[in-house]
Structures are given as C-alpha cells and as structure tokens.
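Along the sequence shown, the residues carry numbers beginning at 1. Please read these numbers as outputs of a predicted model, since none were measured by experiment.
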Amino acid sequence: FWIGYNQAPGSDDGSSPYAMAERAATLFGTSGPNGEAKANVAIKALFNKAQQILSFPNACRPGSDTVGQLWGILHRTVSQMQVPLVQQLIDALVREDQDRISLYAKAVVPQMSSCAASTYRRLKENLLDRTYDPTKFVDVLGDLQSSYDCLGFSCDDIGAYKTDRVAQCAELPINFPMAEYSPTSHVHLHSKIDLDVNAIKALLSFDSDESWAAAKDIYMYGKNSEIYRKSPESDPYTVRSLQSLATSALRKKSPWYKLFEEYHQDPNYADKIIMDVFEGRGKWGNAAREQRAEMLTKTIQYQVLYMYLLAEAADAEADCRSGDKNDNIGGAHSWDEVAAFYIGSLEGTTRGGSNDFSDGQLQWNLANKRSTQFNTQVPDGYALVNSEIEDDLYAGKGELDAYACDSLSKTIKRIERNSIVPMIQSVIRYALKVEDLSYSSSSKDIAEAEAFAMAILPIVKSVDMPGAIVLENNMIIQEGVQPVSEGAQRVADAFYKTMVEFELECELVGQADGVGACEMFRKMSSPASSMWSSAAPLLSIMLAGALSALL
C-alpha cells in the first residue's frame, strides 16, 4: 500500500505515498546517493527486516520475541512515513495553500497528541480549528520542529526547504537542558520515557479494546526511549520499556525497594498491579474505565518510574564508590540518568520546567502541579521542593565528578526525602476529594486516591506503623467502608512522624483547603516552618512518641 503498483524506484511519477515522498524529498534535498528519498530507503529496509524476522521457522511461537521486534519496526516505519507528510505540510505553509495545509495538517497534527500537550494544542488551534494565519508561520514552524524528536525523526530527516527558504533545524546537543539541568552525556533518550507515559494516557482515554491493547503494548515493549547506540549502522535498535523498568534488577540497589517488596509480598509489585488491570484481574480489573486508566497511569508514574529513579540514584553512588561514573550503557553519566528520570523530556529547557503543567509526566511535574494547590511555589512559579532538588541535582553532579562519595550519599538522601513531598500532598488532595464519596463510586478520584496512597505507604510504614494504618483505613478502598471516614485532616496528620523523621519542613508541604500535614506540629507547639536546630533529633523523638500515644 505504501509503494503501489508498478512504481519505479526513485520516481515521483505515481499516486502512491512512495511517489509523494519522492516529491517531498526533491523539495527538501533529502534524496539519497541513488536519487531515492531517504525516507523511502529507510521504510523499504524496515519492510525487509520485518519480512526477514517472520521468515524464521516458528517465528510466532509462544514465548518468542518476534512481537517485540516487530513492534519496534512498526513504530520506526510509522515515524519515517510521517517525514514526507511533514515536508509537504511545510511546503503548503510556505505557499500559503490553505487546502493543502488542511489536508496535511489532518495527517500530521493528531500524531502530536502524545507529544507536549501545550505544543499540540497550539498546532491544533492554528492548523485544524481555524483557517491558517500566514503571520504565524514562524510560531507554527517552531512548534512543528520542536515535535520532530517526539515523532521519532530528526531535523536531518526533514532537511532544508529549497535549500534556503526554510533552513534545516538544529539537532539536539548532548547537553540539551531538562528544566535547565544540562547533562554531559547521552541521556535525552532516557528522558523520553515520559513520552511512553503520555502515549499510554492518550490511548486509555478511548473506550475501545484496540486502544487499550495498544497501550498495553507500549507498556510491555516500549516506544520512544531508545537505548543509545554508539554506531546506529551496526548496533541493534532497542528501546527501554516501562515494564522492563518495573521488573529491573537495578531496583534492588535502592534501600527503599525492599520496603515496597515486603509491603506487597511481591518483587514485581507494580507490574502485577498494572498487568492485572490490563488483563481484567484483581481489585481494579473490572472497575470503571476511568478508574482503571488512573490506576494504570498513576502506578506507572509514581511506583514504576519513581522506584527506578531511586534505583538510579543508588546506582550513581555505587558507581562513585567503584570509581567509574560512566559505568552505564553508552557511557551515560550516572547522575545525568537520575535527572532524566526525575524531570523527563517534556518539561522544556527553562528553569522550573514547562509553564504548562499538562506537559510533563514525571515526578518534577507532579511537584509543580501540587505546588499551585498547596501554595508552595517559589517566586518563579514552580515548586519549592523542585528548587531544593534542582540544587541537589547540581550538587550531586559535582560530587560524583569529584568522586566525593560521602557527600554524594548525603545529597541522595536529601533527594529521596524531598521527593516524597508531592506524594504527601497528593494523598491529602485526594483525601479531600473522596471523603464525601461512597466506596462504590465510579469516580476516577477513588482510584487516584488509592494509587497515590500505595506510592508512599511502604515508606510511611517503615517509620510509623500507626500512621500507615491510618492511611490504609482511610485511603485504601474497601468494600462497605466509607473512604476517608476519619476525615482529611486525620489523613494529613498521619504523615507527621514521617515528616519529623525525614526532617521535612512545613513550607515544602503547605496546605490545601485548610488541611495540611503540619497541623500536628502546631498542636505540639512546635515551630512549623523554622529550620531544624541542633536539638531536632531529641525533639523529633519526643514528638514522635507523643504522636504514637495519640494514634
């Protein structure tokens, strides 16, 4: 269907997509040495690769990796098929040909719905929802070019329009910033794991078996986060999948992993929750569609990726102590990997991350969203806790470069402790949302409440069993039991001892709708927002003991 009947190689004479790609390559100077469009060369090579894989005896036997291989080929093929469509769209924009703009925009723009939400909305508004305004060409072109990486192709794939009319955009450098953090190694591909989350969320929004099956495939086989290849011509193409992170042995390096494994009595606890929902099993397998979608995405974001982030931090310390900070696939800097899995690719390059909180998908984004609800923003408009962690990301990079491993260990502990702040805020937020709902409600808030609680319960239990019991009784949905039966403030109070233990200041957590985790501090007449003094350890023990008596 791509090539058509009786199509001559390299010829633009025909009505097939192949011929259209040849015409586009002529406009953008992207023909290969033999005169054939580079996109067509790549697509045919992928067709042949798929044919070769399927030609092996028993290629489709149960347990083979054929599906995973074909899945990767499929997505690379689709990416290359979009190259001539984008080229034709740019040509139509330059020519101000409204009919062709409408035609190609309808083919291209919907594919960007799994990229940055703010960019997709602007392109949809400028190219689909209204007649294109030529005065916005620079803005539209910029949004298109910023989406190439998300769509799986490069500036070099698109080329320059008629040599000088529209210049070729620049490829992303190694030090391409993530919310202003500049890596020094190839971790941009790591950070693109947030695109898999975004794609899964988009697919789960549709009430169709096909969309949900596609979401499951992205979870199992991956899509966007390619594993770095020093030599793309000879090294095999592979991607990291969310499922591979959910079951990775690397998680064992984090001391927090054991807390979750013991709590769930399952080494692959998060993967089990996710696969049960996808396959219609267990507590949430037959819940309302929106509830299943939230349980899936929140578990992926705040159990799978959060634990992997912690594991990368522990691995960075191990690399420091072994004297090799680049002991990773592709020689990636260990600390750059920590930043990549905390921030992601969708936050943009500026300090604080994207101004549109619908863009990001990882822990950084959650902290920014909660900061607006709990009044914990810095003057620049992003989360105070992210400002603290940002400082520690810079500090950790320097400490690892200098092999100051004891200092790095302390920095990692601060990041671990501060990273639970948006989890605490999220549990309180959803306690407020569900305290008036029935356990049998089909509201998605019910599933979100439990998902956020499960993301922090093992941590709370490790320092405060009574507090964990309060969270379980109020936030874990149980048949016949009213959610948050003891009230949202009681839920917030359950974090008190954990905050004392982790030395979390009240100004980091804040409060929403008059409910906050620091009410217990005030009840104990403790200064809620001051820095911890040298007497803090003794005070913490005394206050924690008093709280245990109250609980």
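- Exactly one residue among L305, I193, N198 makes a side-chain contact (heavy atoms from CB on, under 4.5 Å) with Q361. That residue is N198.
- A salt bridge links E279 with K216: at least one charged nitrogen is closer than 4.0 Å to a carboxylate oxygen.
- Scanning both residues, L432 and V515, for their nearest heavy atoms gives CD2-CG2, 3.7 Å.
- With a 4.5 Å cut-off on side-chain heavy atoms, F452 and M475 do not count as touching.
- Using modelled atom types, one side-chain atom of T372 and one backbone atom of K369 make a donor-acceptor pair closer than 3.5 Å.
- The CD1 atom of I477 sits 5.5 Å away from the CH2 atom of W284 when rounded to the nearest 0.5 Å.
- When side chains are defined from C-beta on, V140 counts as touching L123, because their heavy atoms get closer than 4.5 Å.
- Between M112 and L151, the closest side-chain pair of non-hydrogen atoms falls below 4.5 Å.
- Looking at K283, M295, R281 one by one, the single match for side-chain contact (heavy atoms from CB on, under 4.5 Å) with D276 turns out to be R281.
- Ion pair K223/D196 not flagged as a salt bridge, since none of the NZ, NE, NH1 or NH2 atoms sits closer than 4.0 Å to an Asp/Glu carboxylate oxygen.
- Ring orientation note: the planes of Y269 and F260 are close to parallel, at an angle under 30° on the 30°/60° scale.
- Using cut-offs of 30° and 60° on the angle between ring planes, the pair Y382 and W364 is parallel.
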**OP:** Apply side-chain hydrogen bond (donor to acceptor under 3.5 Å, both in side chains) to S354 and D356, showing your working.
**Re:** CA-CA 5 Å; S354 175; D356 190 322; 5.5 Å; no

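- Between D513 and R429 there is no salt bridge, since no side-chain N of the basic residue sits under 4.0 Å from a carboxylate O of the acidic one.
- Q87 places a side-chain N or O within donor-acceptor distance of the main-chain N or O of I158, the cut-off being under 3.5 Å.
- The backbone N or O of D143 sits nowhere less than 3.5 Å from a side-chain atom of T119 that would complete a donor-acceptor pair.
- The aromatic rings of F341 and H190 lie perpendicular to each other, with more than 60° between the two planes, well past the 30° mark.
- For the pair Q243 (side chain) and D271 (backbone), a donor-acceptor distance under 3.5 Å is absent.
- Side chains of S426 and R370: a donor on one and an acceptor on the other come within 3.5 Å.
- Contact check for K106 versus L128: side-chain heavy atoms found under the 4.5 Å cut-off.
- Heavy atoms only, all atoms of each residue included: V338 and A316 are closest at CG2-CB, 4.5 Å.
- Using a distance-only test at 3.5 Å, with no hydrogens or angles considered, no donor-acceptor pair links the side chain of K298 to the main chain of A447.
- Of the options I218, I274, L195, a side-chain contact (heavy atoms from CB on, under 4.5 Å) to I200 is made by I218 and by none of the others.
- Contact check on E390 versus R351 returns a salt bridge, with a Lys/Arg side-chain nitrogen under 4.0 Å from an Asp/Glu carboxylate oxygen.
- Relative ring orientation between F176 and H188 is described as perpendicular, the plane-to-plane angle rising above 60° on a 0-90° scale split at 30° and 60°.
- Residues R121 and S358 are in side-chain contact: their nearest non-hydrogen atoms beyond the backbone lie under 4.5 Å apart.
- Counting only distance, with no hydrogens or angles, the side chain of S441 and the backbone of S438 share no donor-acceptor pair below 3.5 Å.
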